[in-house]
Amino acid sequence: MVKHPVTPLLNQFLNFSTISQWNSSIREAVNHGYAHKALTLFRQMKQNGVEPNNWTFPFLAKACTKVSNFKCSQIIHSHVMKSPFWSDVFVQTAMVDMYVKCNQLDDAYNLFVRMSMRDVASWNAILHGFAQSGFLDTVSHLLHDMRFSGIQPDSVTVMGLTRGVLHTKSLKLVKSLHSFAIQIGIDVDVLVANTWIAAYAKCGDLGLAEVVFNEIDIVTRTVVSWNSMIAGCANFANFFGAVNYYKCMLQEGFRPDLSTIVSLLSSCVQPEALFQGMLIHSHGIKLGCDLYICVVNTLVSMYSKCGDVDSARFLFDSMSDRTCVSWTVMISGYAEKGDMNEALTLFNAMEATGDIPDLVTMLSLISGCGQIGALELGKWIDNYSISNGLKDNLIICNAFIDMYAKCGCINDARELFYAIPVRSLVSWTTMIAGCALNGEFTEALNLFTQIVELGLKPNHITFLAALQACSHGGLLEKGWEYFGMMTRKYNISPGVDHYSCMVDLLGRRGKLKEALEFIHLMPIKPDAGIWGALLGACKVHRNVEIGEYVSHRLFELEPHVAVPYAEMANIYASKGRWDGVAAIRTMMKSNKVRKSPGQSLVQVKGKTHIFTVEHRDHPEGRLIYMMLDSLNLHLKKARLQLSSEADMNRSEATLFSS
DNA sequence: GTAGGGTTAG
């Protein structure tokens, strides 16, 4: 990735005579982000007959850490081993770090244990390696050995460990590292504080991040401190907070940089944030940030997430250079919109360009297929993933389980699920949700029991899936059981979706009053989803009184959404209350509500067919609607038969009771 | 002029 657009120094013809001149140019290249250039300079230097010294190798190793390239690390390794400086502590520490950054933890550790002398930097390099690979037990042993050998951890140790454990998203770990640092009395400089801000924000506690930020002296704060707070807000999709910090940093006289713009843009992820996103875009242009590929990628992502896919595409088309991320953000822009045809076209274009799709690219395609039920494309992507060795990845497998379940192929989903050697909680949760969606309620609940038996801890999403199974299956008692279990046994406070499932369950059973009481007792504010669930139940049970109350809550919350009006009108109509129907019509007119016709999508042989309520202009419409009419007829017959059987049973029952 | 350090895109 081009980080600095201009390279005056590096494009000159270089012909130095002294080693220190070569070293300076190599260091310059590394510091400017031109790792490959540094290696080329090294080769030129050797060609010119100048031998490297003990200063050369640490520079080279650092260059290699920046590109994280296995081959480069091997080349540097062989040069170091041939040189007289292979036992120098500076050189060796740089090599340990290089291996760590090139994902060669074994090589790093082998070198580390062979070092005859280690200083705090050497320990930090290896600790960081084990921390980011998730070997926390080894980290704690090494930390013990380090202190035992008389070397005290310093602020770099703490920063490395904090960053290393971030992938766990464990607030507990970050807090314990924080208190460890205070305990051993490390010097909390602005760099350490910045690390903590980012760490707390990433682990979900923006409040603590803010506490750390406020503790830094105003004059000590750097642009990174501000960026970290802005990025923290972005983690919570809080564009209001992000812009607030941005305004403050401008007032304090800071000059925003690339990270500031990227973080600000990534806080805009919903249509309401589009205007804000456009403003930040213009600030980015003024600052010259739009020359950087990562900023443009973020812009493309911002526009598509805010619903303006056309602007995203315009920017994407104008890019002279693209990375895998550029393609991925644009592909997922279309996939999230449900336009899988365009997503696939771009995917093919990406391959034709020679850019290689990665895990995220595939994930957005797979989830897009699930969203619109594009089964055939989904199967094609499945085959593609198998031939590209991506199917071994657990995250990809989970995505396919979800996709197949959403496409109604629960058997394919199940087959995949059982083929996974080691299933994660996400695999189980996805499968439960899939069963719930496909009407296999007993299996969903069985899977839940198995999770608990395996000793896995269900999370709030697992509970949501289980509650959805209960709600779709009308299993009220089981629903209460899970609802109680999540709060009491697992200490998970129910979110709005969990409450929504319970309301749905009560509503389906006709317990409308109970459902309403339940809503009134909720500790969180009911949203449109909850009221909508209850209104749906009022429609089924033809309850005008509660329906009126509920629909008015919905009219307040979302006055322009047509569905509640239509449902309430239906309730009135089912009771012959034509005055009510008329009143709803008037209300819709005065609130300027327009009912968009319902659409149904189906994919056959890769082609998407769209059906709307008003139009019957499909080329094979005659046949399709004839078939639908015949199905309807069958359903009506079946229903009649059922009710006559029920009547028979009832009369038999009365016969025997009398 | 050497090694281990802060923020940052999907």
Side-chain angles (χ1 to χ4, degrees), chain A residues 1 3 18-28 30-31 52-62 65 85 88-98 100-101 112 115 118-129 153-163 189-199 201-202 216 221-232 234 256-266 269 289 292-302 304-305 312 323-333 335-336 357-361 363-364:
Chain A
M1 183 199 309
K3 240 194 148 182
T18 66
I19 178 64
S20 59
Q21 282 174 322
W22 281 105
N23 280 350
S24 307
S25 63
I26 291 174
R27 192 189 43 155
E28 194 82 355
V30 174
N31 289 343
N53 65 6
N54 60 332
W55 303 65
T56 319
F57 293 113
F59 289 145
L60 283 177
K62 190 161 191 175
T65 66
F85 310 107
D88 184 290
V89 66
F90 275 99
V91 175
Q92 287 186 326
T93 301
M95 296 293 289
V96 170
D97 182 52
M98 178 187 76
V100 163
K101 303 256 167 69
F112 177 80
M115 286 172 80
R118 302 180 194 104
D119 61 11
V120 62
S122 329
W123 284 97
N124 287 343
I126 198 71
L127 276 169
H128 191 169
D154 63 3
S155 58
V156 183
T157 321
V158 171
M159 276 191 286
L161 291 180
T162 309
R163 270 168 59 87
D189 59 13
V190 67
L191 278 75
V192 177
N194 291 343
T195 310
W196 283 336
I197 294 172
K202 283 200 179 119
I216 317 173
R221 280 178 199 159
T222 64
V223 65
V224 179
S225 318
W226 291 96
N227 289 351
S228 304
M229 260 339 281
I230 293 171
D257 65 6
L258 186 144
S259 305
T260 323
I261 298 300
V262 165
S263 300
L264 278 168
L265 288 172
S266 63
V269 290
C289 289
Y292 299 96
I293 208 165
C294 65
V295 174
V296 187
N297 288 344
T298 318
L299 278 166
V300 172
S301 166
M302 182 277 288
S304 56
K305 278 191 179 144
T323 65
C324 171
V325 177
S326 327
W327 290 100
T328 306
V329 287
M330 200 60 247
I331 288 173
S332 56
E336 274 163 32
D358 70 358
L359 198 111
V360 190
T361 324
L363 286 176
S364 52

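Owing to the predicted nature of the structure, the values given are computational and were not obtained by experimental measurement. Chain identifiers are assigned alphabetically (A, B, ...) following the order of the sequence lines, protein sequences preceding nucleic acid strands; residue numbering begins at 1 within each chain.
Residue A/N54 is in base contact, counting any heavy-atom pair closer than 4.0 Å across all strands shown. Residue contacts for A/S332: at a heavy-atom cut-off of 4.0 Å it reaches no nucleic acid atom on any strand shown. When heavy atoms are screened at a 4.0 angstrom cut-off, A/V156 is found touching base atoms of the nucleic acid. When heavy atoms are screened at a 4.0 angstrom cut-off, A/T222 is found touching base atoms of the nucleic acid. Counting any heavy atom pair closer than 4.0 Å across all strands shown, A/T361 reaches a base atom. Contact annotation for A/S155: base contact, defined as any heavy-atom pair under 4.0 Å involving a base atom. Using a 4.0 Å heavy-atom distance criterion, A/V120 is classed as a base contact. When heavy atoms are screened at a 4.0 angstrom cut-off, A/V224 is found touching base atoms of the nucleic acid.
Closest to the side chain of A/D189, from the set B/dT7, B/dG4, B/dG5, is B/dG5. Side-chain proximity of A/V192 to B/dT8, B/dT2, B/dG5: nearest is B/dG5. In this structure, the nucleotide among B/dG6, B/dG10, B/dA3 sitting nearest to the side chain of A/S266 is B/dG10. Closest to the side chain of A/T328, out of B/dT2, B/dG10, B/dA9, is B/dG10. Comparing B/dG5, B/dT2, B/dA9 by their closest approach to the side chain of A/F90 singles out B/dT2. Nearest nucleotide to the side chain of A/C324, out of B/dT8, B/dG10, B/dA3: B/dG10.
Atom OH of A/Y292 and atom P of B/dT8 are 18 Å apart (whole Å). Atoms CG (A/D257) and P (B/dT8) sit 12 Å apart, rounded to a whole Å. The nearest whole Å value for the distance from the CG atom in A/L191 to the P atom in B/dG5 is 12 Å. Protein atom CG of A/N297 is 12 Å distant from nucleotide atom C1' of B/dT8, rounded to whole Å. Rounded to whole Å, the distance from CZ on A/F59 to P on B/dT2 is 6 Å. Rounded to an integer number of Å, the gap from CE of A/M98 to C1' of B/dT2 is 15 Å. Summarising the geometry, the separation between CZ on A/F57 and C1' on B/dT2 is reported as 12 Å, rounded to the nearest angstrom. What separates CE of A/M229 from C1' of B/dG6 is a distance of 15 Å, to the nearest Å.
Remark: the A/D358 side chain and the B/dG10 base include a donor-acceptor N/O pair separated by less than 3.5 Å. Judged by distance alone with a 3.5 Å cut-off, no donor-acceptor contact links the side chain of A/D154 to the base of B/dG5. At a cut-off of 3.5 angstrom, counting only N and O atoms as typed in the model, there is no donor on one side facing an acceptor on the other between the side-chain of A/S301 and the base of B/dG10. In the interface, the side chain of A/S259 is paired with the base of B/dT7 through a donor and an acceptor atom under 3.5 Å apart.
A/S228 and A/N194 form no side-chain donor-acceptor contact under 3.5 Å, judged by distance and modelled atom types alone.
A close approach under 4.0 Å does not occur between any side-chain nitrogen or oxygen of A/K62 and OP1 or OP2 of B/dG1. At B/dG4, none of the side-chain N or O atoms of A/R118 fall inside 4.0 Å of OP1 or OP2 (strictly under the cut-off). At least one side-chain nitrogen or oxygen of A/R163 sits closer than 4.0 Å to the OP1 or OP2 atom of B/dG6. Phosphate proximity of B/dG5 to A/K101: present, with a side-chain N or O under 4.0 Å from OP1 or OP2.
Residues that satisfy the ring-ring contact (aromatic ring centres under 6.0 Å, His included) test with A/F85, not counting sequence neighbours, are absent from this structure. Applying the salt bridge (charged side-chain N to carboxylate O under 4.0 Å, His left out) rule to A/K202 yields no partners; only residues at least two apart in sequence or on another chain are considered.
Judged purely by atom type and a 3.5 angstrom limit, A/S301 has no side-chain atom pairing as donor or acceptor with the backbone of A/N297. At distances below 3.5 Å, at least one donor-acceptor pair connects side-chain atoms of A/R118 with backbone N or O atoms of A/F112. A/T93 places no side-chain N or O within 3.5 Å of a backbone atom of A/F90 that could act as its donor or acceptor partner.
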Taking it one step at a time, do A/V262 and A/S259 satisfy side chain to side chain contact (heavy atoms under 4.5 Å, CB included)?
CA-CA 5 Å; A/V262 165; A/S259 305; 5.6 Å; no
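Stacking is found between A/W55 and the pyrimidine-like six-membered ring of the B/dG1 base under the 5.5 Å centre-distance and 30° plane-angle cut-offs.
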